[in-house]
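What follows is a set of notes on a single structure, which appears directly below.
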Amino acid sequence: MAPAPITQMNVGHIDDVQELRKTQSTTVPDRFMRDVDEIDSVISDSPISKDVPIIDLSKIAKGSYDEIIHLASACEEWGFFQVINHGVDTKILEKMEKLSMDFFKQPIEEKQKYKMAPGTVQGYGQAFVFSEQQKLDWCNMFALGIHPHFIRNPSLWPTKPLNFSESIEAYTREIRILCEKLLRCIAVSLGLRAERFEEMFGEAVQAIRMNYYPPCPRPDLVLGLSPHSDGSALTILQQKQGSSIGLQLLKDNKWVSIHPIPGALVVNIGDTLEVLTNGKYKSVEHRAVTNMVKDRLSIVTFYAPSYEVELGPMPEFVDESNPVQYRNYLHGEYSKHYVTNKLQGKRTLEFAKLGTHIPV
């Protein structure tokens, strides 16, 4: 979530979906309605899968080789897993959920004090919108840069609800520790030294985004969040307890829903790890869908290398049978490219693929 310059662009009027819900109980505006091919994929019954791997961090902490093998399989075959016994205090998770909901339930006038400017990805609104023709997601977002401090925009840190900003600080500290643990475990699963990624990443970049999906009168015609992969190394997602089931990943060319496990966090591999492992651990396309009667809240943390770090396939993952697939580049270049393009599957990763260089 690199800071992107505010540019002059005509994004048209962007309706606030919570406000729409108050005035239009049976219809959605045309700008939210998807094309036929996208609609077909939404209305086809996507199975709720309990097969998404579950990783128990406490077993790894006790030296379980079997759980490391399980993690390697999850990363290579799914790109997604749910992690339990992760060490993040349940009270911190619950407080973050409550205050996030309190933020979104505030009057629109209060939330607009932190409005997301066109061409940026921090603040309240919808990110990744660059033209007035672009289809919109049925979602309200609130996003902040966390670490390093220079990526923060202090004017966007809310004063209401009370203690919200302080809770964000406490929450993101805990999640950062978890990201560091997970990267050590993933390094071991790849046959690397546990500290390899930590040494490579430098002062890692961290950002948080809260996504709120109100009930939608026509969930068969919209998307909560467009299909995409993440530009991060790791993404950690918390789903509010009692929310509708909405997160889906693309597995074997079919959309599979992830059934939340109480207390678990969802982890997915980002584009950065795909590049570093030369495609061994791939980022996975995912999206969010909506529900007619239930809302949904997700709290997402993105964790990535310093912007100054040069990335490319690590030599351990390059040989005659698997030649270099990605070029070398600065992570800051890729991050800028990612946040200045709309969400469109894994298209942004073309930036890194050999033979498809896209200038920034």
Side-chain angles (χ1 to χ4, degrees), residues 1 3 16 18 57 82-116 120-127 139-182 203-214 225 230 232 234-244 246-247 260-268 288 295-304:
M1 189 180 283
D16 184 286
Q18 288 174 261
L57 268 193
Q82 297 198 63
V83 60
I84 60 174
N85 295 321
H86 43 65
V88 181
D89 192 327
T90 301
K91 292 181 179 178
I92 290 179
L93 298 177
E94 292 174 347
K95 187 173 184 179
M96 192 65 196
E97 285 181 8
K98 180 185 183 303
L99 289 175
S100 297
M101 285 300 299
D102 289 347
F103 174 83
F104 283 112
K105 295 299 185 182
Q106 294 179 117
I108 184 67
E109 294 79 15
E110 182 64 31
K111 292 180 288 188
Q112 289 288 2
K113 292 178 181 178
Y114 314 104
K115 187 175 181 179
M116 186 182 294
T120 68
V121 291
Q122 293 195 47
Y124 174 77
Q126 277 211 28
C139 177
N140 284 339
M141 300 177 175
F142 180 61
L144 294 171
I146 301 296
H147 195 87
H149 275 247
F150 76 82
I151 73 171
R152 296 189 179 200
N153 184 342
S155 66
L156 297 177
W157 284 66
T159 57
K160 296 180 181 178
L162 189 64
N163 298 324
F164 186 36
S165 291
E166 291 83 352
S167 294
I168 291 172
E169 294 277 20
Y171 178 84
T172 54
R173 279 196 300 270
E174 290 289 312
I175 298 297
R176 189 176 183 86
I177 292 169
L178 174 60
C179 289
E180 292 166 350
K181 288 180 184 176
L182 286 168
E203 190 172 15
V205 174
Q206 183 181 1
I208 187 172
R209 191 178 74 221
M210 287 140 265
N211 304 315
Y212 180 67
Y213 308 91
L225 192 60
D230 293 335
S232 58
L234 283 182
T235 300
I236 312 292
L237 181 141
Q238 176 183 352
Q239 303 188 78
K240 182 180 180 297
Q241 297 303 310
S243 290
S244 64
L247 176 61
I261 298 171
L265 295 168
V266 178
V267 182
N268 65 275
D295 63 359
R296 178 171 177 263
L297 171 75
S298 64
I299 304 167
V300 191
T301 296
F302 305 98
Y303 188 88

Could you go step by step and tell me if I146 and I168 meet the side-chain contact (heavy atoms from CB on, under 4.5 Å) rule? CA-CA 9 Å; I146 301 296; I168 291 172; 3.9 Å; yes
Please evaluate residues Q239 and R296 with respect to the criterion side-chain contact (heavy atoms from CB on, under 4.5 Å), reporting the C-alpha separation (whole Å), side-chain torsions for both, the decisive distance (0.1 Å), and the verdict. CA-CA 8 Å; Q239 303 188 78; R296 178 171 177 263; 3.0 Å; yes
Walk me through it: do E110 and F103 pass the test side-chain contact (heavy atoms from CB on, under 4.5 Å)? CA-CA 9 Å; E110 182 64 31; F103 174 83; over 6 Å; no
Check the pair L237 / N268 against side-chain contact (heavy atoms from CB on, under 4.5 Å), numbers first and verdict last. CA-CA 8 Å; L237 181 141; N268 65 275; 5.6 Å; no
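In terms of heavy-atom proximity, H86 sits nearest to L57 at CA-CD1, 4.0 Å. The two residues I261 and Q82 come nearest to each other via the heavy atoms N-OE1, 3.4 Å. R209 and L225 make their closest contact through NH2-CD2, 3.6 Å (heavy atoms, listed as atom of the first residue, atom of the second, distance). In terms of heavy atoms, S232 sits closest to L234 at OG-O, 3.2 Å. Here the closest non-hydrogen pair linking D295 and P214 is CB-CA, 4.1 Å. Contact detail for L156 and L144: the closest heavy-atom pair is O-CD2, 3.6 Å.
T172 OG1 to I208 CD1: the interatomic distance, rounded to the nearest 0.5 Å, is 6.5 Å. Going from atom CD1 of I236 over to atom CZ of F302 covers 11.0 Å, rounded to the nearest 0.5 Å. Interatomic distance, Y114 OH to F142 CZ, rounded to the nearest 0.5 Å: 7.5 Å. Between the NE2 atom of H147 and the OG1 atom of T301 there is a distance of 13.5 Å, given to the nearest 0.5 Å. For the atom pair I177 CD1 and L182 CG, the distance stands at 12.0 Å (nearest 0.5 Å). Note: L178 CG to L265 CG = 6.5 Å, rounded to the nearest 0.5 Å.
A donor-acceptor contact shorter than 3.5 Å links the side chain of S243 to the backbone of L297. Side chain of S165 to backbone of P158: a donor-acceptor contact under 3.5 angstrom is found. Between the side chain of Q122 and the main chain of I151, a donor-acceptor pair closer than 3.5 Å is present. A side-chain donor-acceptor contact under 3.5 Å links S100 to the backbone of M96.
The shortest side-chain heavy-atom distance between W157 and E169 falls under the 4.5 Å cut-off. Between Q106 and D102, every side-chain heavy-atom pair lies at or beyond the 4.5 Å cut-off. Side-chain atoms of Y303 and I175, non-hydrogen and from C-beta on, never get closer than 4.5 Å to each other. By the 4.5 Å heavy-atom criterion applied to side chains, V205 and P148 are counted as neighbours. For the pair F104/Q18, a side-chain contact is recorded, criterion being any heavy-atom separation below 4.5 Å from C-beta on. The shortest distance between side-chain heavy atoms of Y124 and D16 falls below 4.5 Å. A heavy-atom distance below 4.5 Å is not found between the side chains of L247 and S298. A heavy-atom distance below 4.5 Å is not found between the side chains of K95 and K98.
Applying side chain to side chain donor-acceptor pair (under 3.5 Å) to E97 and the options Q241, Q238, K240 leaves one that passes, Q238.
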